[in-house]
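Note sheet for the following structure.
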2 protein chains.
Amino acid sequence: MAHGIEDVARVAGVSTATVSRALRGLPNVAPATRDHVREVASRLGYSASPSAASLASGRTRTIGVLSPWISHWFFANVIEGAERALRASDFDALLHTFELFRGGPRRRVDPVVLRRRVDGILVVGLPLAADEVADLSGLDVPIVFVGSGPPGQILVRLDDRLAARTATEHLIELGHRRIAHVTGDPGDVLPWSPAEERLVGWRSAMTEAGLPVPDELEVHGYFDVPGARETATRLLTQHPDITAVFAASDEMAMGVVLAAADLGLRVPQDVSVIGIDGHDLGDLIGLTTVAQDAAEQGVRAATMLLDLVAGGVVPQVTTFPTRLVIRRTTGAVPVR
Amino acid sequence: MAHGIEDVARVAGVSTATVSRALRGLPNVAPATRDHVREVASRLGYSASPSAASLASGRTRTIGVLSPWISHWFFANVIEGAERALRASDFDALLHTFELFRGGPRRRVDPVVLRRRVDGILVVGLPLAADEVADLSGLDVPIVFVGSGPPGQILVRLDDRLAARTATEHLIELGHRRIAHVTGDPGDVLPWSPAEERLVGWRSAMTEAGLPVPDELEVHGYFDVPGARETATRLLTQHPDITAVFAASDEMAMGVVLAAADLGLRVPQDVSVIGIDGHDLGDLIGLTTVAQDAAEQGVRAATMLLDLVAGGVVPQVTTFPTRLVIRRTTGAVPVR
DNA sequence: CTGTTAGCGCTTTCAC
DNA sequence: GTGAAAGCGCTAACAG
């Protein structure tokens with residue numbers, strides 16, 4: 001059962017070098033030889049030892065996938081798409097999560113554990129500090145960022161500002177003037193992070209519409225349901241004149257809807273809510289949102305990464321489209 | 001930057017064998033030597049090449065995680081928990097997804113790709129055929145099944161029958177008599193699969209209560225929202241006398257709630273709905289459910305697998321508790 | 001407690 | 001188009 005390349009070579013009556021070439025589809029092997037070797041290999045149930053192959057070739061056929069979570073809509077879908085694309089090219093996905101804690105620092109991304117272990121790195125929505133990016137770059141393998149990444153790197157993402165403007169403008173067109181924004185973590189202030197970009201998009205849409213943007217309209221929801229629920233409860237209690245809330249993610253928008261329900265506010269009659277994502281379960285509450293295709297971003301990013309690994313070139317920034325999906329959580333501003 | 005064990009050995013003034021021992025914390029190394037070697041290694045930024053180490057030792061410090069999806073609540077949470085536990089022991093998680101298609105066969109689990117690549121395998125909610133299990137066992141590494149697994153294997157799971165009975169009995173106590181069940185895929189009929197067990201639990205609870213279980217009460221929801229929504233739409237249209245639906249997962253229960261809404265039925269006034277899982281977003285619609293802790297099952301399974309890899313022994317079956325969470329989608333049977 | 005040495009199972013020149 | 005042989009960078013006996 002546990003055959004090595006020598007067994008195949010012996011049975012096929014060729015050298016191990018030829019077996020290696022034949023099985024990997026390299027040129028300079030006679031078609032007849034190739035077919036014969038493959039037949040023998042499959043009959044013997046042979047497949048090369050990944051460690052031995054990696055050690056000898058320096059390539060691992062493995063991609064490191066770095067992500068803060070997997071149990072969040074965006075991350076799960078990106079990773080699922082990426083894994084599918086990688087597998088289609090016979091690459092493995094090595095999963096590394098880095099839990100983000102509210103306000104606190106997360107475990108540093110340690111490049112050492114990825115050394116000689118992966119041929120490329122996919123960073124999924126992880127707001128890396130500049131020095132972490134530098135460390136990763138030091139690994140000397142291609143890196144693709146999905147959802148969030150520093151300028152100068154290969155990025156697959158949305159036009160976050162535009163998405164935020166789209167959401168905000170939708171609310172403004174409905175007549176809302178006191179529109180709050182639920183953003184992520186207070187520590188997440190890298191200028192290129194989606195949270196920051198969405199914040200900027202909201203602010204500029206407000207300002208252009210001649211609406212003031214006082215500090216109290218901006219609160220932190222930590223990109224999850226409970227975080228947004230808590231913070232929105234406080235917000236809506238302290239500022240009952242707020243008629244609409246734009247959350248930077250659908251999960252946070254769901255938290256806002258729950259908060260409204262907790263407070264006995266009707267959505268959208270008393271307060272309108274919009275998010276960003278196009279979460280599968282938004283439908284449950286008729287959540288209005290600016291939708292994106294997360295799985296496809298994962299596929300694209302993985303495909304690009306494989307191109308890079310193969311020595312190809314890919315566009316620096318790939319911007320995915322978004323579309324406004326109007327459902328039932330947004331409506332006209334209440335008359336009071 | 002790319003130092004090898006020889007560099008460390010030379011700088012530290014010892015042999016490579018000593019470096020290897022010191023860095024891995026093996027016995028028979030003088031404490032002073034150990035500290036010195038570690039200091040030199042960290043100063044040089046050295047870490048062993050995983051391929052070389054694997055090739056020489058036969059161990060990979062990697063666990064293969066097999067799962068049908070990652071963007072489903074149960075799977076995402078189990079995998080997240082497992083990854084966390086593995087990382088805590090410096091093990092890597094290699095992700096392999098095997099998409100399940102409605103009614104159709106999925107890609108066969110191919111043991112060859114895992115050969116000499118992993119020290120253990122975690123099978124998450126994947127209903128493997130007997131021959132696939134046999135193939136995996138042939139890899140000669142420990143395997144732990146989470147959520148669903150054949151008898152005779154190491155399992156971490158719920159008492160699925162009990163969970164189903166709990167859900168069904170809750171509805172019966174509320175006075176319901178025509179209680180439908182939304183199960184998974186028609187092809188998923190392995191006697192030990194959670195779908196099958198839950199089906200049996202529902203049936204026996206019905207029978208014990210003296211309620212008939214005609215075929216039309218059992219429909220397939222494919223374990224996802226759209227599948228259950230479609231099938232429940234048909235079900236509730238054709239059989240308006242059904243007053244309650246027990247879905248084998250929360251995601252399917254959500255589909256049923258959506259179907260009810262599509263049909264203008266009020267939940268729970270016209271139809272009660274209950275699921276199994278304790279999905280984070282069940283709160284959104286006040287979903288009544290029989291809750292389980294998926295992440296913790298992932299942690300436990302990974303921990304057990306690491307024990308097995310280390311040569312330890314673990315219990316054959318670990319059964320996690322469930323608890324009935326009554327919210328707003330179940331209520332008294334309507335009076336007509 | 002530490003060093004020497006022989007592999008681990010492939011890939012990759014370099015000849016032929 | 002094919003083979004011989006030299007590594008790839010470690011670990012694991014085995015000595016000492």
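Reckoned from all heavy atoms, side chains included, excluding hydrogens, waters and symmetry mates.
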#### Entry: Between P of D:dA4 and CD of A:Glu6, the distance in whole Å
11 Å
### Query
Is a donor on one side and an acceptor on the other found under 3.5 Å between the side chain of A:Arg116 and the backbone of B:Ser51?
no
### Query
Got a salt bridge between A:Glu296 and A:Arg300, using NZ or NE/NH1/NH2 to carboxylate O under 4.0 Å?
no
#### Entry: Distance test, side-chain N/O of A:Ser15 to OP1/OP2 of D:dG3, below 4.0 Å
yes
### Message
Given C:dC10, D:dG9, D:dT11, identify the nucleotide with an atom nearest to the side chain of B:Ser57.
### Response
D:dT11
### Message
What contact category does A:Thr33 fall into here, base, sugar-phosphate, or nothing, at under 4.0 angstrom with non-hydrogen atoms?
### Response
sugar-phosphate
### Task
Provide, to the nearest angstrom, the distance between the CG atom belonging to A:Asp119 and the P atom belonging to C:dT11.
14 Å
### Query
Judged by atom type as modelled, is there a donor-acceptor pair below 3.5 Å linking the side chain of A:Glu83 to the main-chain atoms of B:Thr97?
yes
### Query
Looking just at side-chain N and O atoms, do A:Ser57 and A:Arg24 make a donor-acceptor pair shorter than 3.5 Å?
no
#### Entry: Atom-pair distance (CD1 on A:Ile5; P on C:dC8), nearest Å
14 Å
### Query
Any side-chain N or O of A:Arg24 under 4.0 Å from OP1/OP2 of C:dC10?
no
#### Entry: Between C:dT13 (P) and A:Asn28 (CG): distance, integer Å
13 Å
### Task
State which of C:dC1, D:dT2, D:dG9 makes the closest approach to the side chain of A:Ala30.
D:dT2
### Query
With a 4.0 Å cut-off on heavy atoms, is B:Arg59 in touch with a base, just the backbone sugar-phosphate, or nothing at all?
sugar-phosphate
### Query
Tell me: CG of A:Asp7 to C1' of C:dG9, nearest whole Å?
11 Å
### Query
With a non-hydrogen cut-off below 4.0 angstrom, is A:Ala53 in contact with a base, only sugar-phosphate, or nothing?
sugar-phosphate
### Query
What is the distance from NE2 of A:His36 to P of D:dT2, rounded to the nearest Å?
12 Å
### Query
Which listed nucleotide (C:dC8, D:dT2, C:dT11) is nearest to the side chain of A:Val29?
D:dT2
### Message
Just to be sure I understand the rule, does A:Arg21 reach a base, reach only the sugar-phosphate, or reach nothing, if contact means heavy atoms closer than 4.0 Å?
### Response
base
### Query
Hey, does the side chain of A:Ser20 come within less than 4.0 Å of C:dT11's phosphate (OP1/OP2), counting only N and O?
yes
### Task
For B:Arg116, answer base if it contacts any base atom (sugar-phosphate contacts may also be present), sugar-phosphate if it contacts only those atoms, and nothing otherwise; contact means non-hydrogen atoms under 4.0 Å.
sugar-phosphate
### Query
Taking CZ from A:Arg10 and P from D:dG3, how many angstroms apart are they, rounded to a whole number?
14 Å
### Task
Determine whether any donor atom in the side chain of A:Arg34 lies under 3.5 Å from an acceptor atom in the base of D:dG1, or the reverse, and answer yes or no.
no
### Query
Does A:Ser49 have a side-chain nitrogen or oxygen under 4.0 Å from the phosphate oxygens OP1 or OP2 of C:dG9?
no
### Query
Can you find a side chain N or O atom of A:Thr18 that sits less than 4.0 Å from OP1 or OP2 on D:dG3?
yes
### Query
Given that B:Gly13 and A:Thr16 both sit by DNA chain C, which one's nearest nucleotide is further toward the 5' end?
B:Gly13
### Message
Just the rounded figure in Å: distance from C1' of C:dG7 to CG of B:Leu55.
### Response
9 Å
#### Entry: B:Arg38 with B:Asp35: basic N within carboxylate O range, under 4.0 Å
no
### Message
Check this for me: does any side-chain nitrogen of one of B:Glu39 and B:Arg43 sit under 4.0 Å from a carboxylate oxygen of the other?
### Response
yes
